[in-house]
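What follows is a short report on a single structure.
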Amino acid sequence: MPRTALLAIVIVPGDRRSIAGQIVDAIRRKISATELAVGDQLPSVRGLAQQLAVNPNTVSKAYAELVSGSWLVSRAGMGLYVAAQRDPLSDGERNRRLDAAVDRFVNEVVAIRANPDEAVERVGEALGELGLRQSA
């Protein structure tokens, strides 16, 4: 029987992302970092909404986005589960999205006048925490 995963998600007031977007990003990170394993059951919409003190419609919207992105799978009458991850992006699409993400990041670093070396170091640390860095 799959275990219902506890989701330690923090909603940050004032974040530029919507609350649903923050939930989506947090769950994606937990799946990518294997904190959530394939087959783990997620809390119900109402359960997570109560935990986060947000509207259930917000959680429902986040879950729907995760299902449509193949991060989660819905089992009728049973709930939502972490789906087996597949790599749906072609190399070209992955590169296009990476370039766009880098452009957004660089523009933000410039806008806040951050030290570029510090920004690169922090990105490395953040990826390292997720276990996404590859050994050279």
Start with the C-alpha gap between Val82 and Val73, add the side-chain angles, then the distance that decides, and say whether side-chain contact (heavy atoms from CB on, under 4.5 Å) holds.
CA-CA 6 Å; Val82 175; Val73 62; over 6 Å; no

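- In this structure Asp25 satisfies the side-chain hydrogen bond (donor to acceptor under 3.5 Å, both in side chains) test together with Arg17, sequence neighbours excluded.
- Separation of atoms CZ (Arg28) and CD1 (Ile23) is listed at 12.5 Å; rounding is to 0.5 Å.
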Can you give me every donor-acceptor pair (side chain of residues 49-59, partner residue at least two apart or in another chain, under 3.5 Å) with its distance?
unit_1 : atom_1 : unit_2 : atom_2 : d
Gln51  : NE2    : Leu7   : O      : 2.4
Asn55  : OD1    : Asn57  : N      : 2.7

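- Side-chain atoms of Asp40 never come within 3.5 Å of backbone atoms of Leu36 as a donor-acceptor pair (strictly under, hydrogens ignored).
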Using the rule given for side-chain contact (heavy atoms from CB on, under 4.5 Å), can you reason through Phe105 versus Val123, listing the C-alpha separation, both sets of side-chain angles and the distance that settles it, and then say yes or no?
CA-CA 10 Å; Phe105 175 74; Val123 168; 3.4 Å; yes

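- The line from NZ of Lys30 to CD1 of Ile9 is 6.5 Å long, rounded to the nearest 0.5 Å.
- When all heavy atoms of Ala62 and Ala20 are compared, the pair lying nearest together is CB-O, 3.6 Å.
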Applying salt bridge (Lys or Arg N to Asp or Glu O under 4.0 Å) to Arg97 and Glu93, what does each step give before you reach the verdict?
CA-CA 6 Å; Arg97 288 187 184 190; Glu93 178 64 10; 2.9 Å; yes

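- In the hydrophobic cluster analysis, where Ile, Leu, Val, Met, Phe, Trp and Tyr join through side-chain heavy atoms closer than 4.5 angstrom, Val45 is grouped together with Val67.
- Taking CG from Asp117 and CZ from Arg122, the interatomic distance works out to 12.5 Å, rounded to the nearest 0.5 Å.
- Residues Val106 and Val120 do not share a hydrophobic cluster, clusters being chains of Ile/Leu/Val/Met/Phe/Trp/Tyr side chains in contact below 4.5 Å.
- In this structure, Val12 and Gln22 approach most closely via the heavy-atom pair N-OE1, 2.7 Å.
- Salt bridge Arg96/Asp99: absent, no basic N to carboxylate O contact under 4.0 Å.
- One finds the CG atom of Leu72 at 6.0 Å from the CD1 atom of Ile27 (value rounded to the nearest 0.5 Å).
- With Gln41 contributing its side chain and Gly79 its backbone, the two residues share no donor-acceptor pair below 3.5 Å.
- Under the 4.5 Å side-chain criterion, counting only non-hydrogen atoms from C-beta, Tyr63 is in contact with Pro43.
- One finds the CG atom of Leu48 at 11.0 Å from the OG atom of Ser60 (value rounded to the nearest 0.5 Å).
- Between Arg104 and Glu108, every side-chain heavy-atom pair lies at or beyond the 4.5 Å cut-off.
- Residues Leu80 and Val38 fall into different hydrophobic clusters, defined by Ile, Leu, Val, Met, Phe, Trp and Tyr side chains chained together at heavy-atom separations under 4.5 Å.
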